[in-house]
Number of protein chains: 2
Amino acid sequence: MQGKTLNTNAQAVLDVLRANSNHPTAQELYEQVRRVRPNIGVATVYRILHQLREQGMIREIGRDVECRYDADTGHHDHAICTLCGALLDVPADVRIPQDQLLRAAQSAGVELNDYEVRIYGRCRQCRQQNN
Amino acid sequence: MQGKTLNTNAQAVLDVLRANSNHPTAQELYEQVRRVRPNIGVATVYRILHQLREQGMIREIGRDVECRYDADTGHHDHAICTLCGALLDVPADVRIPQDQLLRAAQSAGVELNDYEVRIYGRCRQCRQQNN
DNA sequence: ATGGGTGCAAATCCTTTGCATCTGC
DNA sequence: GCAGATGCAAAGGATTTGCACCCAT
């Protein structure tokens with residue numbers, strides 16, 4: 001499963017990330033990695049994280065620069081185009097049922113105050129143009 | 001449904017947002033609102049958006065300042081504590097089934113390259129402390 | 001005059017980028 | 001000597017905050 005040979009820094013970042021059971025932020029990782037390689041810079045950590053993600057070795061959670069707004073407070077399921085960034089609504093009849101989400105919430109030990117389902121992939125338009 | 005009386009600016013923001021079928025960003029809203037009230041500042045738009053959200057009149061989508069990382073590329077369902085910000089994994093046996101997400105994706109017209117389910121609510125710890 | 005709402009600009013936060021340096025080959 | 005990797009600092013983009021001002025009460 002080792003797609004590529006990682007250099008020392010990249011390996012250190014990956015090791016530190018794997019040692020975390022939670023989901024650290026880039027900054028948190030940076031601080032932890034510094035204990036092992038004191039001279040490493042933030043930029044390097046960010047660069048390595050991008051590489052690792054491109055190689056599919058790690059996963060980014062919740063990458064969202066800007067916040068979007070919706071006047072319809074009932075919409076919870078969204079499809080996001082990975083090319084043009086469009087944010088589309090999932091039609092009401094195929095949304096994930098609440099009771100399933102409730103079960104997931106309970107298993108994770110949180111209340112279900114709110115939720116969001118985000119589906120990522122190329123939208124129809126982008127598929128045609130960029131095919 | 002009008003919980004409070006909105007002032008002129010707030011009403012303008014809400015009107016503009018309601019006139020949008022897509023999900024505009026704060027900046028986009030700002031630009032649109034400026035057509036109606038040319039002197040309004042960005043800060044005011046942001047302040048109003050926060051108020052509206054607190055009153056439950058609008059919904060924020062994908063509010064995430066920092067990006068989190070996961071060495072396990074298989075995890076897609078998360079629970080996020082609204083108090084302490086902890087990001088927890090949903091146990092494997094209660095995750096949302098892929099075929100449902102696939103159906104949702106198809107209905108919205110996007111490929112299913114990736115997805116994320118996020119459930120928001122107070123985690124066990126915070127509930128005890130903050131009860 | 002008083003308090004809330006506002007515009008402007010500066011400040012913040014996370015992330016990216018430019019660039020000169022360093023390293024291994 | 002070169003290519004790729006790196007550290008540092010500056011830049012960037014979205015959002016927040018400080019502050020003085022303004023307006024209606």
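Just so it is clear: chains get the letters A, B, ... in the order the sequence lines come, proteins before strands, and each one is counted from 1.
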Next on the checklist: Going by side-chain contact (heavy atoms from CB on, under 4.5 Å), name the residues that satisfy it together with B:Arg34, two or more places apart in sequence or in a different chain.
Outcome noted: B:Tyr30, B:Ile40
Checklist entry - Can you name the residues that form a side-chain contact (heavy atoms from CB on, under 4.5 Å) with A:Ser107, not counting sequence neighbours? => result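 Here the qualifying residues are B:Pro91, B:Val94.
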Checklist outcome for this item: Contacts of B:Arg47 meeting salt bridge (Lys or Arg N to Asp or Glu O under 4.0 Å) (sequence neighbours excluded), chain-then-number -> none
Next on the checklist: So, using salt bridge (Lys or Arg N to Asp or Glu O under 4.0 Å) as the criterion, who are the partners of B:Asp93 when residues are at least two apart?
Outcome noted: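 B:Asp93 satisfies salt bridge (Lys or Arg N to Asp or Glu O under 4.0 Å) with no other residue.
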Checklist outcome for this item: Here the distance between atom C1' of C:dT15 and atom CD1 of A:Ile61, to the nearest Å, is 18 Å
Item to check | Spacing of A:Ile48 atom CD1 relative to C:dT15 atom P, expressed in whole Å | outcome: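 So the two atoms are 15 Å apart, to the nearest Å.
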Item to check | Qualifying salt bridge (Lys or Arg N to Asp or Glu O under 4.0 Å) pairs with a residue from residues 100-113 of chain A, counting only residues at least two apart or across chains | outcome: A:Asp99-A:Arg103, A:Glu111-B:Arg122
Distances under 3.5 Å only, N/O to N/O: pair up the protein atoms with those of nucleotides 21-25 of chain D.
none

Checklist entry - Reading nucleotides 19-25 of chain C 5' to 3', which nucleotides get B (base under 4.0 Å from a protein heavy atom), which S (sugar-phosphate only), which -? => result -------
Next on the checklist: Looking only at the side chains, is there a donor atom on one of B:Asn20 and B:Gln32 sitting less than 3.5 Å from an acceptor on the other?
Outcome noted: yes
Next on the checklist: If you compare every side-chain N and O of A:His50 against the phosphate oxygens of C:dT15 (OP1, OP2), does one of them come in below 4.0 Å?
Outcome noted: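 For A:His50, the contact criterion (side-chain N or O under 4.0 Å from OP1 or OP2 of C:dT15) is not met.
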Next on the checklist: So, does A:Asn9 get its side chain near the phosphate of D:dA5, meaning an N or O under 4.0 Å from OP1 or OP2?
Outcome noted: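 Looking at the OP1 and OP2 atoms of D:dA5, neither is under 4.0 Å from any side-chain N or O of A:Asn9.
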Could you work out, with side-chain hydrogen bond (donor to acceptor under 3.5 Å, both in side chains) as the rule, every residue matching [X], not counting sequence neighbours?
{"X": "B:Tyr115", "value": "none"}
{"X": "B:Asp15", "value": "B:Gln11"}
{"X": "B:Asp77", "value": "none"}
{"X": "B:Glu31", "value": "none"}

Next on the checklist: Which residues in residues 34-46 of chain B have a heavy atom closer than 4.0 Å to any atom of DNA chain C?
Outcome noted: B:Asn39, B:Ile40, B:Gly41, B:Ala43, B:Thr44
